[in-house]
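Proteins come first, then strands; the chains are lettered A, B, ... in the order of their sequence lines, and each starts at number 1. Worth saying up front: this structure is predicted, and the values here are computed from it rather than measured.
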Protein chains: 2
Amino acid sequence: MSEQIMPLEENPGGSDFLPGLAMDFVIFGFHQYQLKILLLEYRNTDLFALPGGFVKKQENLNDAARRVLAERTSLTNIYLEQFYTFGDLARYDQVPMRTIMQAKGLVPTDEHWLLHRFISVGYYALIDFTKAVPTPDPLSDTCTWYDLDNLPGLMLDHADIVRKALQTLRADLDRKLIGYDSWAAPLLPEAFTMADLQKLYETILGQKLRRSSFQRKMLSLNILERLEKQYSGGAHKAPYLYQFKQ
Amino acid sequence: MSEQIMPLEENPGGSDFLPGLAMDFVIFGFHQYQLKILLLEYRNTDLFALPGGFVKKQENLNDAARRVLAERTSLTNIYLEQFYTFGDLARYDQVPMRTIMQAKGLVPTDEHWLLHRFISVGYYALIDFTKAVPTPDPLSDTCTWYDLDNLPGLMLDHADIVRKALQTLRADLDRKLIGYDSWAAPLLPEAFTMADLQKLYETILGQKLRRSSFQRKMLSLNILERLEKQYSGGAHKAPYLYQFKQ
DNA sequence: TTATTATTGTCTCATTATGGAACAATAATA
DNA sequence: TATTATTGTTCCATAATGAGACAATAATAA
């Protein structure tokens with residue numbers, strides 16, 4: 001959902017958008033050694049949902065995804081991957097959306113465009129937790145980070161969407177780390193230690209990795225640049241700092 | 001495209017289908033050591049296209065895919081994977097479809113539903129070359145196997161779709177071989193030699209593999225059952241026959 | 001009948017990758 | 001100054017893979 005649908009009176013039929021087509025976003029951020037995603041909450045409904053949006057009639061699908069992401073996070077140049085398109089009839093349940101609209105004081109007819117069946121293209125994004133400015137859409141009240149392993153109940157099939165996003169992310173970790181822009185860069189500070197990077201890997205994969213093997217592998221990939229030593233603050237040898245090359 | 005759109009007069013607005021949403025299929029078959037895909041040809045137009053179809057309003061997306069595949073191949077129980085959804089505005093070019101319809105003697109108005117913008121969900125399928133009965137859809141004249149490395153020019157972005165399908169298939173080869181049903185089974189006869197399986201791998205990957213390593217790896221996966229020896233016909237030791245377990 | 005040929009199944013050994021532990025180095029703290 | 005925790009690196013055992021060798025053998029040729 002995006003600014004364009006509010007006030008609903010200005011776009012009563014959703015006529016700027018391709019009908020029946022939506023996007024849902026699993027937006028990952030990393031903070032304090034925990035993987036988080038952005039969720040929208042609808043006050044007085046106990047409903048939580050993934051940020052979503054619609055595609056304009058004169059807009060590329062992937063451009064629409066970037067536009068909506070910018071609206072929800074204030075960030076452009078986001079690491080973004082399309083991962084699956086969800087089209088089960090079971091998605092077509094009017095109850096949650098009707099509840100949300102009623103909690104807003106809106107009384108939609110059965111024909112309201114937001115109550116129609118939607119096919120939804122799933123995207124996952126990796127963003128800098130510290131730079132994002134989470135912004136609710138016109139129908140929701142908050143846009144907040146939630147720990148991935150402590151999510152509230154999500155409406156419709158959004159829990160499935162999160163599961164599939166995480167599964168795809170995990171499967172693509174190694175393959176997508178190399179290349180001009182790494183998925184890991186937006187999740188880490190400019191300069192980071194090898195332990196930081198390993199913790200990030202472990203958090204995403206949900207399993208521990210061997211320290212020496214991890215260091216050996218990362219260095220052999222030739223994608224890291226070693227900087228001067230860091231001030232650690234810990235009672236131990238200070239680790240090197242790294243940044244992604246180029 | 002499917003039976004339901006012909007004659008067009010019976011479904012003038014495509015009103016049985018979700019508007020603006022299509023599916024495109026890259027249907028792989030393997031024959032005489034070559035990887036082939038099914039293409040539709042439109043007589044008097046020089047246009048070739050991937051088989052495609054639309055989703056009914058009361059149908060799951062993935063069920064629609066199986067329905068259309070059955071229409072084009074006569075096969076059910078097909079190995080099928082959704083791999084990407086294509087939504088660039090550049091797809092929205094009325095010229096090819098208008099040419100196709102005109103070659104059929106149809107003169108669509110600018111508003112004809114087939115001339116609208118479509119977002120298309122891409123699927124790839126792996127099917128038994130010998131069991132399929134390729135069947136053109138109502139607008140096309142032939143549905144024929146083409147060698148993957150000798151394709152004719154395809155309309156719209158269909159060449160991109162093929163490229164992405166092959167790329168996904170290659171990346172998933174090892175991961176998807178194991179499990180209840182292997183991608184390879186539909187592309188090979190009931191019983192096959194290790195050389196057959198290796199040739200199939202090599203053809204899909206587009207590169208040679210080492211024989212001893214390949215054999216070692218396949219046997220270690222524990223997914224093959226070794227049968228009695230085969231009658232070879234070749235002037236050499238007869239190889240074992242295998243079939244996929246269970 | 002015997003030799004030839006091509007391909008197979010398996011083995012060997014070198015090379016490379018990975019698991020798991022060891023160890024000295026050292027920044028902060030006690 | 002000693003202690004502590006963590007680091008960067010090394011080592012070695014184990015596993016995986018690359019590359020080739022070799023005897024076995026079904027069909028064919030001689």
Side-chain angles (χ1 to χ4, degrees), chain A residues 32-33 170-178 184 188-245, chain B residues 32-33 170-178 184 188-245:
Chain A
Q32 291 174 335
Y33 298 132
R170 283 176 174 169
D172 290 351
L173 269 198
D174 284 338
R175 204 150 41 83
K176 300 274 177 66
L177 185 67
I178 36 191
L188 291 170
E190 189 73 29
F192 50 89
T193 67
M194 193 60 77
D196 291 335
L197 182 57
Q198 182 173 346
K199 260 289 180 199
L200 174 58
Y201 252 88
E202 290 176 343
T203 305
I204 292 176
L205 291 177
Q207 61 179 16
K208 292 275 174 201
L209 300 174
R210 265 145 286 280
R211 190 174 60 91
S212 61
S213 304
F214 184 81
Q215 170 126 343
R216 181 167 47 193
K217 180 170 173 173
M218 287 301 128
L219 292 180
S220 75
L221 289 177
N222 219 36
I223 54 170
L224 297 179
E225 192 159 6
R226 181 179 277 186
L227 310 177
E228 81 286 0
K229 294 208 169 197
Q230 90 172 135
Y231 171 77
S232 149
H236 53 77
K237 180 173 173 180
Y240 288 110
L241 284 171
Y242 296 89
Q243 62 186 23
F244 288 103
K245 276 188 184 170
Chain B
Q32 292 176 335
Y33 298 133
R170 284 177 175 169
D172 290 349
L173 269 198
D174 284 339
R175 203 151 41 83
K176 301 274 177 65
L177 185 67
I178 35 191
L188 291 169
E190 191 71 30
F192 50 87
T193 67
M194 193 60 79
D196 290 335
L197 183 56
Q198 182 173 347
K199 258 291 178 195
L200 174 58
Y201 252 88
E202 290 176 341
T203 304
I204 292 175
L205 292 176
Q207 62 178 17
K208 291 275 173 199
L209 300 174
R210 265 144 288 277
R211 190 175 61 94
S212 61
S213 304
F214 184 81
Q215 169 125 344
R216 181 166 48 194
K217 181 170 174 176
M218 287 302 128
L219 292 180
S220 75
L221 290 177
N222 219 37
I223 55 172
L224 296 179
E225 191 160 6
R226 180 179 278 186
L227 309 178
E228 80 287 359
K229 294 210 169 193
Q230 89 171 138
Y231 171 76
S232 150
H236 53 77
K237 181 173 175 178
Y240 288 110
L241 285 171
Y242 296 88
Q243 62 186 27
F244 288 103
K245 275 188 185 170

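- Taking atom CD of residue Gln215(B) and atom P of nucleotide dT7(C), one finds them 16 Å apart after rounding to whole Å.
- Remark: Arg210(B) engages no residue in a side-chain hydrogen bond (donor to acceptor under 3.5 Å, both in side chains) (not counting sequence neighbours).
- For the pair Leu241(A) CG and dA27(C) P, the computed distance is 14 Å after rounding to whole Å.
- What separates CZ of Phe214(A) from C1' of dT9(D) is a distance of 17 Å, to the nearest Å.
- Between the P atom of dA16(D) and the CE atom of Met218(B) lies a distance of 15 Å, rounded to the nearest Å.
- Along DNA chain D, the nucleotide nearest Ala238(A) and the nucleotide nearest Ser212(A) are compared for position; the residue whose nucleotide lies closer to the 5' end is Ala238(A).
- Atom-to-atom distance recorded for Arg175(B):CZ and Leu177(B):CG is 12.0 Å, nearest 0.5 angstrom.
- Taking a pair as Watson-Crick or G-U wobble with both distances under 3.5 Å, DNA chain C forms stems of 3 or more consecutive pairs at C:1-30 with D:1-30.
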#### Entry: Pair Leu188(A)-Tyr242(A), side-chain contact (heavy atoms from CB on, under 4.5 Å): steps then yes or no
CA-CA 11 Å; Leu188(A) 291 170; Tyr242(A) 296 89; over 6 Å; no
### Task
Please lay out, stage by stage, how Arg170(B) and Leu205(B) fare under the test side-chain contact (heavy atoms from CB on, under 4.5 Å).
CA-CA 6 Å; Arg170(B) 284 177 175 169; Leu205(B) 292 176; 4.1 Å; yes
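- Protein atom NZ of Lys237(A) is 17 Å distant from nucleotide atom C1' of dT3(D), rounded to whole Å.
- Every salt bridge (charged side-chain N to carboxylate O under 4.0 Å, His left out) that Lys217(B) has, sequence neighbours left out, goes to Asp174(B).
- Considering every non-hydrogen atom in both Met194(B) and Leu219(B), the closest pair reads CE-CD2, 3.9 Å.
- When all heavy atoms are compared, the tightest approach of Tyr240(A) to Leu227(A) is CD2-O, 3.8 Å.
- Aromatic ring orientation, Phe214(A) versus Tyr201(A): perpendicular (interplanar angle above 60°, classes split at 30° and 60°).
- Considering only residues two or more places apart in sequence or on other chains, Gln32(B) meets the side-chain contact (heavy atoms from CB on, under 4.5 Å) condition with none of them.
- The distance from atom CG of Leu221(A) to atom C1' of dA17(C) is 13 Å, rounded to the nearest whole Å.
- Atom CD of Glu190(B) is surrounded by 12 or fewer heavy atoms from other residues, nucleotides or ligands within 6.0 Å.
- A donor-acceptor contact under 3.5 angstrom links the side-chain atoms of Arg216(B) to the base of dG18(D).
- Within residues 191-211 of chain B, the residues that have a heavy atom under 4.0 Å from DNA chain C are, in order of number, Ala195(B), Arg211(B).
- At the phosphate of dG18(D), OP1 or OP2 sits under 4.0 Å from a side-chain N or O atom of Ser213(B).
- Between Asp196(B) and Lys199(B), no side-chain nitrogen of the basic residue sits less than 4.0 Å from a carboxylate oxygen of the acidic one, so the salt-bridge criterion is not met.
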Protein-nucleotides 28-30 of chain C N/O pairs under 3.5 Å:
residue: dA28(C); atom: O4'; partner: Gly234(A); partner atom: O; Å: 3.2

